[in-house]
Asker: 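Below is one structure. I have some questions about it.
By convention here, the first residue in the shown sequence is residue 1. Only heavy atoms go into these numbers, but all of them, side chains included; no hydrogens, no water, no symmetry mates.
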Amino acid sequence: MTSRLEQRYRRLLMLLPASYRRRWEDDMAHTFLECVGAEEDTEDAAYLRDHGRPDGHEVLSVLTLATRLRLGGVDAEPRSRLWGDAIRAVALLGLLFHAVMAATEIGVMPWLADEFSPLPSSPTEPASGLPGEAWRLASDSVGLFAIAAFIALAVNQPRPARWLAVVPLAAAWVARIYEAVSLPGGTPPGAWLIVLVDTALVLALVAFHREAPPVRTRTWVRAFVAGVLLSPLHVIGLWALPVEQDVRFAALDWPGLCALSVSAAGIAYLVLHPSAAVRAAHWPLTLLFLGLAALVLRGVSIADHVLRGGAPAAVMAVCAAEAVLLLVVCMPLAVLAGRATRELRRSPADMTT
């Protein structure tokens, strides 16, 4: 008869892929019960069988194994490898975006302070509710951690990258909580959503486990350099676009930049994918994940405008246009991602671990 302890442990093992459980579940359950002494003929063992639960260390061990199997590495089954590669690419692209934006913010600090005379005065930023220059300095300093986190990940040091990425994430949570208690209307829903997306991004770093394929350092460092070189386009857009300032800030705010960046990447992939489909099967799934996240961010930002009593028609139009563009790009990406997943589902799933 199966004890309650064994039932609880087997429920925990449901986190593992079905193919792995079919092969190893009984052995794992027997080993666990033997290690905790639940199979002995004593009163303590009987009590443990009825009232015991897997401890925190065992739960963490199973969670780690489930992550490694479901977000597969070099020798994983094809479907797990696809999902693992997609999540790792999401994490890399997300950290790349944050690192480029942090470098941009640090680079334009003299301009924002109107201390660089060759350039015209910077545009006035919308009020954030945060405590002035002290917070701006702290925010820019935290940006260095975002840059360091991306560089650490790009040079195949995922553990330091996780700790470095936590610093700007924690600062973002502090900022949102401060706004929630200090602003009359509290923190807008869009701001909370941005922090939640960033939290998911940091959690995605668990996909860089010991069996994950190495990051192509040269490729990602080049991508960072290219992003920094292109970042002045954002600054020029904020200052020089021939539209009203409210429209410029709406088009190029954080959700807008995410929408435009993912749309550009998706269009580039759709144009180039016939020659890259074999060696980059995870990219449609990666870009679909990013596209859906950016679409939700843009949609919630539109809802924020509505909740605040509306916005000029031009602001709503540009936000809606970015959302429509993103939706149009995501549709063929979803088709390609579904096709790749179906092809892997038809392939044999040989568990080698």
Side-chain angles (χ1 to χ4, degrees), residues 13-24 62-97 150 153-154 156 158 161-162 197 200-217 219-220 223 258 261-296 326 329-353:
L13 295 182
M14 293 294 290
L15 294 171
L16 303 175
S19 57
Y20 190 90
R21 291 200 312 274
R22 283 194 296 269
R23 182 172 180 181
W24 297 109
V62 174
L63 285 173
T64 301
L65 178 61
T67 299
R68 181 167 59 86
L69 294 174
R70 292 191 179 277
L71 304 178
V74 176
D75 296 322
E77 61 178 339
R79 199 188 323 172
S80 296
R81 175 64 186 270
L82 173 69
W83 282 86
D85 286 346
I87 297 300
R88 284 185 285 271
V90 166
L92 275 163
L93 287 170
L95 284 185
L96 171 64
F97 185 78
F150 171 75
L153 192 59
N156 290 289
R162 294 186 194 109
V197 170
L201 178 65
V202 173
L203 292 176
L205 293 175
V206 301
F208 291 88
H209 46 74
R210 66 176 183 270
E211 294 182 4
V215 176
R216 295 181 179 179
T217 300
T219 299
W220 288 99
C258 291
S261 300
V262 176
S263 296
I267 292 171
Y269 178 80
L270 293 173
V271 172
L272 300 174
H273 90 274
S275 62
V278 175
R279 58 185 173 84
H282 65 280
W283 280 115
L285 190 59
T286 298
L287 294 171
L288 180 61
F289 286 153
L290 292 172
L292 293 176
L295 185 60
V296 172
L326 198 52
V329 172
C330 283
M331 291 173 63
L333 290 174
V335 172
L336 292 174
R339 183 183 302 167
T341 305
R342 287 192 300 272
E343 290 175 356
L344 291 175
R345 192 172 291 139
R346 288 195 296 267
S347 66
D350 298 323
M351 182 62 66
T352 58
T353 303

Asker: Look at the side chain of R70 and the backbone N and O of S80, then say whether any donor-acceptor pair between them is shorter than 3.5 Å.
Answerer: no
Asker: Testing the basics here: between P284 and A337, what is the closest heavy-atom pair and its distance to 0.1 Å?
Answerer: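 Looking at all heavy atoms of both residues, the closest pair is CB-N, 3.9 Å.
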Asker: Just so I know, are the side chains of R81 and H282 near enough to count as touching, which here means a heavy-atom distance under 4.5 Å?
Answerer: no
Asker: How far does CZ of R22 sit from CG of L16, to the nearest 0.5 angstrom?
Answerer: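 Nearest 0.5 Å value for the CZ-CG distance: 12.5 Å.
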Asker: With L326, which of L290, L292, V262 fulfils side chain to side chain contact (heavy atoms under 4.5 Å, CB included)?
Answerer: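 Exactly one option meets the side chain to side chain contact (heavy atoms under 4.5 Å, CB included) with L326, and it is V262.
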Asker: Quick check: closest heavy atoms across L153 and L95, and the distance to 0.1 Å?
Answerer: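 So the two residues come closest at CD2-CD1, 3.6 Å.
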Asker: Keeping H209 on the side-chain end and T64 on the backbone end, is there a donor-acceptor pair under 3.5 Å?
Answerer: no
Asker: State the CG-CD1 distance between L287 and I267, to the nearest 0.5 angstrom.
Answerer: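 Here the interatomic distance stands at 11.0 Å.
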Asker: Please give me the minimum heavy-atom distance between R68 and R210, naming the atom from each residue.
Answerer: NE-NH2, 4.0 Å
Asker: What pair of heavy atoms forms the shortest contact from V90 to L201, and how long is it?
Answerer: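 Residues V90 and L201, closest heavy atoms: O-CD1, 3.6 Å.
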Asker: Can you tell me how far CZ of F97 sits from CG of L92, rounded to the nearest 0.5 angstrom?
Answerer: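 One finds 15.5 Å between CG of L92 and CZ of F97.
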Asker: Under a 4.5 Å cut-off applied to non-hydrogen side-chain atoms, are P213 and R88 in contact?
Answerer: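 P213 reaches R88 side chain to side chain.
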Asker: Taking the side chain as everything from C-beta on, heavy atoms only, tell me whether W83 gets closer than 4.5 Å to L285.
Answerer: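 W83 reaches L285 side chain to side chain.
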Asker: Is F289 close to I87 at the side-chain level, that is, under 4.5 Å between some pair of heavy atoms?
Answerer: yes
Asker: Which heavy-atom pair separates A334 from L288 by the least distance, and what is that distance?
Answerer: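 Closest approach of A334 to L288: CA-CD2, 3.8 Å.
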Asker: Specify the closest pair of heavy atoms between Y269 and L336, including all atoms of both residues, with the distance to one decimal.
Answerer: CE2-CD1, 3.9 Å
Asker: Can you name the residues that form a ring pair (Phe, Tyr, Trp, His ring centres under 6.0 Å) with W220, not counting sequence neighbours?
Answerer: none
Asker: Within the structure provided, determine whether L65 and Y20 are in side-chain contact (heavy-atom separation under 4.5 Å).
Answerer: yes
Asker: For the atom pair OG1 (T217) and CG (N156), what is the distance rounded to the nearest 0.5 Å?
Answerer: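 Here the interatomic distance stands at 4.5 Å.
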